[in-house]
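In what follows, every chain begins at residue 1, and chains take the letters A, B, ... in the order their sequences are listed.
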Amino acid sequence: MQTSSENILSAVRIDKGFPGTKALDKVDFHLRRGEVHALLGENGAGKSTLIKCLTGAYHRDGGSILLDGTEVDPRDTFDAQRLGIGTVYQEVNLLPNLSVAENLFLGRQPRRFGMVDIRAMNRKARELLSQYELELDVTRALASYSVAIQQVVAIARAVDLSGKVLILDEPTASLDAHEVAMLFRIVRRLKARGLGIIFITHFLEQVYEISDRITVLRNGRLVGTRDAADLDRRDLIAMMIGRELAAEIHSAHANTAGGEPRYRFTNYGRRGRIEPFDLNVRVGEVVGIAGLLGSGRTETAEVLFGAHRADSGTAEIDGRPVELSSPRAAIRQKFGFCPEDRKTAGIVGDLSVRENIVLALQARRGWTRPISRAEQNRLADLYIRALDIRTADREKPIRLLSGGNQQKAILARWLATEPEFLILDEPTRGIDVGAHAEIVRLIETLREKGMSLIVISSEIEELVAYSTRVIVLRDRAHVAELDGDRITADQIVEAIAAANERRAS
Amino acid sequence: MTTIVRTYLARLLPQLIALAAVLAAISMTFSGFLNLEIQNGRLYGSLIDILNRGAPVVLLAIGMTVVIATKGIDLSVGAVMAICGAVAASFITSGHSLAETLLVTLAVGILCGIWNGILVAILDIQPIIATLVLMVAGRGIAQLITEGAILTFNEPGLIFIGSGSFAGLPMPVIVWLVFGILVALLVRRTALGMLIEAIGVNRQASTLSGVFTPVLLVAAYVLSGLCAAIAGIIAAADIRGADANNAGLWLELDAILAVVVGGTSLLGGRFSIAASVFGAIIIQAINTGILLSGFPPEFNLIIKAAIIVFILVLQSPRFRTAFAFLTIPGRAAKPTEREAK
Amino acid sequence: MKFAKALASATILAACTFGSASAAELVVGFSQIGSESGWRAAETTLTKQQAEQRGIDLKFADAQQKQENQIKAIRSFIAQGVNAILVAPVVATGWDEVLQEAKDAEIPVILLDRTVDASDDLYLTAVTSDLVHEGNVAGKWLADTVAGKPCNVVELQGTTGSSPAIDRKKGFEQALSGHDNLKIIRSQTGDFTRTKGKEVMESFLKAEGGGKNICALYAHNDDMAVGAIQAIKEAGLKPGTDILVVSIDAVPDIFQAMAAGEANATVELTPNMAGPAFDALAAYLKDGKEPAKWIQTESKLYTQADDPMKVYEEKKGLGY
Amino acid sequence: MKQKYLPLTATIFIFVLSYALCAAQYPNILSTRVIGNLLTDNAFLGIAAVGMTFVILSGGIDLSIGSVIAFTGVFLAVVLEHTSMHPLVAFALVLMITTLFGALMGAIIHYLEMPAFIVTLAGMFLARGMAFVLSIDSIPIKHPFYATLKGLYYKLPGGGRITLIGGLMLLVFAIGILLAHRTRFGTNVYALGGGTATAKLMGVPVASTTVSIYALSGLLAGLSGIVFSLYTSAGYSLAAVGVELDAITAVVIGGTLLTGGSGFVAGTLVGIFIQGLIQTYITFDGSLSSWWTKILIGALLFAFILLQKGIIHLSRDNRKRA
């Protein structure tokens, strides 16, 4: 391992608060030259906040940042970039309508006689990308390439711009194993060039594969920094969640609901989105769906809910065929669906918590049969209390709530419709630890009440905790099913990995 | 109940203040402005004129509010007014009964709305361009019906809608008051208002929650078309003739302004019919005020522009933040309050 | 039916299929301002009628009230090689260049209904009324009618900046000068439309003590007068008696009002400008006879004494 | 063929095809006169549409340009009539005013976070109002320099002319194309159209770019006003009503998406030519009534929107399959 004791980036006693919460509490973080440093923690632990403080997206309340030994105070991400700190996000923050070369050189295009020298720019772009083993038509729009390629373009841009520190914020979330491998080759090469790399991910395997050191945050505080080689998985998880993993493992799958499957999807799929699959769900069953992002998890949920109409196969409820051609049709069959992308597909930001909660119920009743204000208030208060939604009052616009509380409000929206079949896509993503636990508990409760649930999650331990069965997806197809005692974190990881290895070979 | 009244008042406060300021300014330049008297059994005075003359813009603004709440815009309303005025005139002159005429005219307005709605909701064309088509072609259609001339009529029933009076108020005022209240009740006493706001804020999330978005979008444009039809009937009845060239010319811009002055965001979402009605009345008050003031007509546009810019800047989110003390509770935009992660 | 036929013709046109291009006869291009008023529509109707009577192939182009479209149309006519061009110019200025082009291409141009601000050798002749004179006639009538009694006049102007509005105002003011008993107390634009005429008149009435201070109304066109008459009636006054109404254009509807005693006088602007224009053109093409540079149409004054209903019947079929 | 050139190619194809069809019916449409006219008669619209293209590419809209054109004309006419200022100085002065006017609107849009639609609508009222205040008469411009400028043209065989203003429009388009595709500013405009938030993250100076875009639109509207005053040798406060809608239509027909971020300045030129061709055809035909003209233009606009939708739809499908 090539390390230098010299820190390229040091963050000392960083403080950052938001109204009502302390997001970072005197956090120290040191990054060495030529190392890959994993920054870990559960959702809401403060990783994003720390990154945003480092890149100037947030202004910190206290503490100092040293880059190459000199104190810096980036005004914004662009300023940080100029200083040498580049960031690549999970959702590629490039412009899909511009060409690859323009994306790489936006704001610093080579010029001749005051005009952008497009040929030189394209040549330089090709040169730059060849360092990353990419041979692309750089004049084509970025949008015409896969997310993985876009990700690499983003890295190339960030490194070329800043060249000292590279922050990778969940870059692998939507990549397949092959693409991850390519990305890691690039990261190693950059490391060899002496860059300091901060790596944020949910995939622990990847942490061990690539990181030199690991820093763990929890509840806005620094838990500790360790050499990756000296920290075993269990200890790491203990650092992250503050308790032994074993305690989380539930015996839910022991009492697998018996009886005939109530919901039966046969050869169900949609061309270009998800390969046809068979899926049966019983009453009182939680079917977990595991797989990497982009493996077809969300697509499965969408096709089940009618958000995208299935073009093959049949759906039956209690042996009676049903047509799930639209969300409205699905809702009539007492389906509910909490989408993954809360902001764009879940909350209706400017409307109040109350209105967000009654929305689906109202939509099902039709506009001519309004729910009385008193009933709305009752429902809202009921679920605000039942799910412990933290809001000053039910009339607050939902966009002002924290992620976890938004998620609970959307859950409430569906619970208010008294669904019998509930699909949850990443119900715990991006929410704080407390809310996380509550939602996991809620899933349990709903299952015990006899609801059928499909839960998609990237958090494998979580799946293990509440699933009665787990479906593993890869490449937009259902590839494995685990039940009973086979539902363990290792088994799931293995299933995903095996699938991926098979693909890689 | 009182809290509802209070929040309602709070919502309308900026518009009420602006209206009061405009009215005060006019009565300073023209002293008899606030006089009201009864003449021929009807109220008579400049204030009544404002309400009466404002009728077309008020009506257009009612429909436009709902369209804008869905994050759309309807540029065609002026042209639809012309079409419907022409249809009404040609039907009444060709001997149809008043009821038939009105029904057919309203149906034509609805048809125009359906056309716009289909372009927006089904073909997914941007509202501004989708409605531009009818804006360009619509006036031609209206002229096609009247063959370019002013089609006059003498049917007393239709004329009554334009210049008759009921309970002391001019009929157009009665019409928009009743229609405005009906629409307000329709959207607020049913779930329509909330569902429309939900679509305007987040169409995808609404669809996923089971809201029937295409139908509601079409319905919004249909309402707008219906409003334009009523406005067209009033405009035609007012002058006892359909003027395909001038009826509703550029009124779509006034209607959009009215909605914005009424505080509904062009980005969709929260809307208030009442506030838009006040917005339209404010704009009409400015127009009437200019006429009463005796300024030479070449200053009309500049005065109007200056007042509107002033009102809009006062309402802009940035200005509101900078002068938070001026804003009213519950509606103040809060960009400072960052979303806690 | 008319719809369907017209639709079919438009489809054919859109497809740019071969039309039956008629040859031999005289081809005349006519650049009309638009169809912004009933008077304008009547002018178009009459021009087409006159052309048909004379066997002229009239190429009609509507400029939708835009000068640029008129210039484009004239240029297209030149490119097409028509035998003559009629123009009803939307505004007086800005024609030198395109008229010069027509002259270079040896295509005679005749101006209809309004003149232009260009050298008169650029066009064959102008068939127009005198806008200032029209205002003057209206003013004279009013001055004669009130005969020395003090009289406050309110004025409804045409579209701000349009030449009829400016000239009709000017002529009227000229007629009034020297009559100290006549005073214009308020003057606003009514955009040549009935709606605005009515709205503005309402404000005038409010602003002038419910109309008690107003003795006469002068409107730059009949449409505004028709609107204003309704406003006066609604204010409880008698138009034509309590407030004298004089306007310009002589469209059919004002004769109805006159017959009902609600309007007092109108100055005719004849929509038949094309007739004299075609006559002059025919003479010119036949033996090169240059017509006078200005063929002035009559600005005839009509009052209630002129059997208004008869005039109405004559005029109502002309597409006003 | 590259995906992104598809809408442009389609537009050019449609133009050539319709030109051929029209010429088949009226052979005179092929004359140099018509070609010269297309350039000269649409010069002011074309120049303004270049500015509009930039605004729309950035995801905005500018409703004020028609009024600004009128204001420019009246301003020039008043200044040249009442002072002894040389036209060139007056040109510089008025361009400065309109550029500042545009910049001011851009600043309000950016800093006060108000929608462009409303800000430029108010700008539209204001500019027209200023024109009225300056003069309600149409004022002829009789300065000899104007005559000199108008005397500058290149005569084509067959009677057509390439006039100064026609040439100027082509020049503005050439500069516009360079500006859009060959400068950092141009890329920044596309970047804003692709997404303001992302563009900001990537270091695009959003504030200065927004202000510059509207300033550019103001500048070109001013230039268009100068061209219009040369075209008509007059200033008139009622001139150029609704030109903004013609410009928007030309931009849309030219294949630029109203949502911003995608399109070509060159496409706008073709859009202008298509509109000009339609008008020429209607005049050549000479039997269409006023109302059918409007309906036909609306129908064509609709056809173009559908065509674009179709193309985008197809290209999206292709991408998915790729």
Side-chain angles (χ1 to χ4, degrees), chain A residues 18-21 23 44 46 48-49 52 58 302 305 307 326-332 335-339 341-351 355-356 358-371 373 376 395 397 399-403 405-406 410 413-414 417 430 432, chain B residues 1 3-4 6-7 10-11 66 69-71 185-220 223 263-265 267-271 317 329-341:
Chain A
F18 293 112
T21 48
S48 303
T49 313
K52 285 184 173 160
Y58 285 166
E302 285 172 348
F305 191 63
S326 68
R328 288 174 60 76
I331 289 165
R332 267 197 297 276
F335 280 36
F337 173 43
C338 292
D341 194 338
R342 214 165 38 228
K343 255 214 184 89
T344 65
I347 63 165
V348 181
D350 283 344
L351 297 198
E355 287 164 311
N356 269 281
V358 301
L359 182 62
L361 182 61
Q362 182 63 68
R364 194 177 68 191
R365 289 169 59 124
W367 63 270
T368 48
R369 294 170 55 220
I371 305 168
R373 187 61 177 260
Q376 291 188 22
E395 297 306 321
R399 68 185 152 81
L400 299 177
L401 265 56
S402 75
N405 286 313
Q406 289 179 354
I410 294 172
R413 175 190 296 170
W414 291 110
T417 67
D432 60 79
Chain B
M1 209 54 205
T3 51
I4 290 177
R6 208 179 307 143
T7 48
R11 169 66 181 83
V66 176
T70 67
K71 216 175 194 166
L185 285 180
L186 178 74
V187 296
R188 292 304 171 198
R189 288 294 148 143
T190 68
L192 212 51
M194 189 188 94
L195 296 179
I196 283 171
E197 286 176 347
I199 292 174
V201 176
N202 193 336
R203 189 165 157 186
Q204 194 190 349
S206 306
T207 310
L208 281 178
S209 300
V211 181
F212 211 171
T213 36
V215 167
L216 285 180
L217 275 177
V218 173
L223 178 67
T264 297
S265 162
L267 300 176
R270 290 287 188 212
F271 70 93
R331 242 179 62 77
K334 290 174 186 160
T336 43
E337 188 175 332
R338 288 199 203 229
E339 260 170 77
K341 191 92 208 240

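In this structure, the side chains of B:V201 and A:V348 come closer than 4.5 Å at one or more pairs of heavy atoms. By the 4.5 Å heavy-atom criterion applied to side chains, A:W367 and B:L186 are counted as neighbours. Taking the side chain as every heavy atom from C-beta outward, B:E197 and A:L351 approach each other to under 4.5 Å. Side-chain atoms of A:R369 and B:T190, non-hydrogen and from C-beta on, never get closer than 4.5 Å to each other.
To the nearest 0.5 Å, atom OG1 of residue A:T344 and atom CD of residue B:Q204 are 4.5 Å apart.
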Carefully, step by step, assess B:M194 and A:L359 under the rule side-chain contact (heavy atoms from CB on, under 4.5 Å). CA-CA 8 Å; B:M194 189 188 94; A:L359 182 62; 3.8 Å; yes
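For the set A:A345, A:P327, A:P397, the entry with the most heavy-atom pairs within less than 4.5 Å of chain B is A:A345.
Taking the side-chain contact (heavy atoms from CB on, under 4.5 Å) definition, one finds that B:A219 meets it with nothing, sequence neighbours left out.
The two residues B:N202 and A:K343 make their nearest non-hydrogen contact at ND2-O, 3.2 Å. Shortest non-hydrogen contact noted between A:A363 and B:S209 is CB-O, 3.7 Å. In terms of heavy-atom proximity, A:F305 sits nearest to B:L208 at CE2-O, 3.2 Å. For the pair B:A205 and A:G346, the tightest heavy-atom approach, listed with the atom from each and the gap, is CB-O, 3.3 Å. Here the shortest heavy-atom pairing between A:P370 and B:R189 reads CG-O, 3.0 Å.
For residues 200-213 of chain B, the salt bridge (Lys or Arg N to Asp or Glu O under 4.0 Å) pairs, not counting sequence neighbours, are B:D124-B:R203.
Of the two parts of A:I331, only the side chain, counted from C-beta on, holds a non-hydrogen atom closer than 4.5 Å to a non-hydrogen atom of chain B. Neither the backbone nor the side chain of A:R364 comes within contact range of chain B; no heavy atoms are under 4.5 Å apart.
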